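Below is one structure, written out as structure tokens; comments come after it.
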Amino acid sequence: MSAKTRRKPNLRVKIISMGNSETGKSCIIKRYCEKRFVNKYLATIGIDYGVTKVTLKERDIKVNIFDMAGHPLFYEVRNEFYKDTQGAILVYDVSDRSSFEALDRWMEELNGEIGNKSEVDSIVVCVCANKTDLRRQVDESEGQLWADARGFHFFETSALSGDGVNEMFQALFEGVVKTCENGGKREPITTQLGYTKEQIDAIQRLKNAKNDYERLGLAPGASKDDVNKSYRKLAVLLHPDKSVAPGSEEAFKLLVAARTSLLKRC
Ligand code: GTP
Ligand code: MG
């Protein structure tokens with residue numbers, strides 16, 4: 001058999017972008033397709049459509065990219081474009097917490113428009129924590145946990161520097177091709193993070209709380225007993241010898257300091 005006849009048939013796939021406006025969806029796509037970054041914000045009006053070609057596992061793949069406008073104003077335009085999607089990049093901006101908090105709403109929109117659970121479950125989703133070159137409001141562990149809980153890929157990216165962008169698209173295309181070869185069934189992703197949402201929430205609270213009572217999850221004026229009880233619970237959760245959750249060590253130090261200072265006041 002010649003090399004030509006051995007090649008697998010070409011594929012055509014449909015990819016969409018989702019996420020709040022200004023999170024960097026168009027810039028991530030531009031970085032991948034054109035290897036450049038545009039600093040000026042040019043809002044996508046409704047939808048931008050583009051085509052690119054990739055070769056993966058001896059297969060030529062024509063990728064149709066539907067880059068959606070994130071602004072609510074464009075819902076009526078973009079809602080037409082969800083059907084027949086095989087891969088999605090779901091983008092938030094690490095320097096804007098509200099864009100991370102909006103991820104569930106984007107999944108609701110996708111679910112609502114497709115309206116068929118098994119079709120939604122077959123879509124390969126890459127969550128992109130974008131703008132990692134800026135000052136963060138969302139830790140990597142929070143995004144990773146969100147994606148992990150839903151069986152999605154997770155990548156930290158910067159369209160500005162290019163970090164993570166090629167790796168993210170590579171995983172997206174590989175996932176989509178595998179799904180096609182698998183008769184439309186998405187392969188489960190197992191990351192086994194080794195930490196829980198409870199740990200990440202506790203670390204966030206210790207880092208961001210306005211005072212020591214809040215750090216321990218207590219009301220102002222809590223008793224010595226309450227302080228010790230809460231301390232013990234959090235210490236078990238976050239002790240750096242036991243916890244592999246990122247930020248445990250720093251959070252544990254904050255916990256010890258908060259307990260010491262509160263006990264002096266009791
Ligand atoms: P809509 O089309 O309105 O939904 O927005 P979008 O998500 O496509 O955002 P776009 O790619 O247009 O980028 C929005 C702004 O963020 C632009 O000013 C970009 O220059 C900037 N931007 C995008 N990615 C990055 C990044 O990784 N780092 C930094 N610092 N800025 C970025
Ligand atoms: Mg855009």
Side-chain angles (χ1 to χ4, degrees), residues 18-20 22-24 70 90-108 125-158 163-164 189-266:
M18 303 190 295
N20 279 10
E22 287 194 60
T23 50
L90 176 55
V91 183
Y92 69 90
D93 169 354
V94 298
S95 72
D96 169 16
R97 193 158 188 95
S98 66
S99 70
F100 173 62
E101 285 161 358
L103 294 183
D104 283 318
R105 280 205 305 283
W106 282 99
M107 286 312 295
E108 275 165 30
V125 180
C126 277
V127 178
C128 303
N130 193 40
K131 306 199 190 181
T132 50
D133 54 285
L134 296 181
R135 200 183 151 85
R136 279 178 189 273
Q137 287 184 358
V138 188
D139 283 345
E140 182 173 357
S141 51
E142 295 177 85
Q144 175 80 65
L145 208 61
W146 190 91
D148 202 59
R150 289 154 184 86
F152 298 160
H153 296 268
F154 175 78
F155 287 87
E156 291 237 301
T157 59
S158 165
D163 282 356
I189 303 166
T190 44
T191 51
Q192 297 187 332
L193 286 177
Y195 53 84
T196 62
K197 182 162 185 338
E198 194 186 4
Q199 286 174 308
I200 297 301
D201 287 348
I203 291 168
Q204 288 301 311
R205 199 182 61 213
L206 280 155
K207 269 171 61 180
N208 301 326
K210 287 189 270 324
N211 58 52
D212 287 333
Y213 287 113
E214 212 178 276
R215 259 174 213 110
L216 267 71
L218 296 168
S223 69
K224 195 173 165 181
D225 258 11
D226 289 339
V227 170
N228 280 325
K229 225 160 115 185
S230 172
Y231 168 80
R232 275 195 297 274
K233 197 171 152 226
L234 286 164
V236 168
L237 206 61
L238 299 177
H239 197 287
D241 286 353
K242 300 249 172 61
S243 168
V244 294
S248 297
E249 199 166 331
E250 188 196 343
F252 189 73
K253 282 183 191 153
L254 289 166
L255 172 66
V256 173
R259 176 205 185 208
T260 310
S261 114
L262 287 180
L263 286 180
K264 278 185 193 151
R265 281 186 242 171
C266 290

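Since the structure is predicted, the reported quantities are computational estimates derived from the model, not experimental observations. Side chains are part of it too, since the values below use all heavy atoms of this structure and drop only hydrogens, waters and symmetry mates.
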Test log, rule side chain to side chain contact (heavy atoms under 4.5 Å, CB included), inputs Arg265 and Leu262: CA-CA 5 Å; Arg265 281 186 242 171; Leu262 287 180; 4.0 Å; yes
message: With a 4.5 Å cut-off on side-chain heavy atoms, are Asp163 and Glu156 touching?
response: no
- request: Could you give me the CA-CA distance, side-chain angles and deciding distance for Asp93 and Glu22, then say whether side chain to side chain contact (heavy atoms under 4.5 Å, CB included) is met?
  value: CA-CA 8 Å; Asp93 169 354; Glu22 287 194 60; over 6 Å; no
- prompt: When you look at CD of Glu101, are more than 12 heavy atoms from neighbouring residues, nucleotides or ligands closer to it than 6.0 Å?
  reply: yes
Side-chain touch Trp106/Asn20, heavy atoms, less than 4.5 angstrom: yes
task: In sequence, state the C-alpha distance, the side-chain angles, and the governing distance for Lys207 and Asp139, and then conclude on salt bridge (Lys or Arg N to Asp or Glu O under 4.0 Å).
output: CA-CA 11 Å; Lys207 269 171 61 180; Asp139 283 345; 2.7 Å; yes
statement: Rounded to the nearest 0.5 angstrom, the CZ-CG distance for Arg205 and Leu254 is 12.0 Å
- request: Take Trp146 and Phe152, measure what side chain to side chain contact (heavy atoms under 4.5 Å, CB included) needs, and give me the verdict at the end.
  value: CA-CA 9 Å; Trp146 190 91; Phe152 298 160; 3.8 Å; yes
task: Going by the side-chain contact (heavy atoms from CB on, under 4.5 Å) test, name the single residue among Thr23, Leu103, Val127 that passes it with Val91.
output: Thr23
message: Take a 6.0 Å sphere around CD of Glu214 and say whether it holds more than 12 heavy atoms from other residues, nucleotides or ligands.
response: yes
query: Does any N or O in the side chain of Thr260 come within less than 3.5 Å of the main-chain N or O of Val256, such that one atom is a donor and the other an acceptor?
result: yes
message: Please check: side-chain N/O of Gln199 versus main-chain N/O of Leu237, any donor-acceptor pairing under 3.5 Å?
response: yes
message: Test side chain to side chain contact (heavy atoms under 4.5 Å, CB included) on Arg97 and Glu142; report intermediate values, then the result.
response: CA-CA 11 Å; Arg97 193 158 188 95; Glu142 295 177 85; 2.5 Å; yes
query: For the side chain of Glu250 and the backbone of Gly247, is there at least one donor-acceptor N/O pair under 3.5 Å apart?
result: no
query: Is there side-chain contact between Met107 and Leu90, with at least one heavy-atom pair below 4.5 Å?
result: yes
- prompt: Can you tell me if Ser230 uses its side chain to pair, donor with acceptor, with the backbone of Leu216 under 3.5 Å?
  reply: yes
statement: Distance col, row Asn228:CG vs Lys233:NZ, nearest 0.5 angstrom, shows 14.5 Å
- prompt: Any ion pair linking Arg215 and Asp212 (charged N to carboxylate O, less than 4.0 Å)?
  reply: yes
message: Rounded to the nearest 0.5 Å, what separates atom CZ in Phe155 from atom CD in Glu140?
response: 11.5 Å
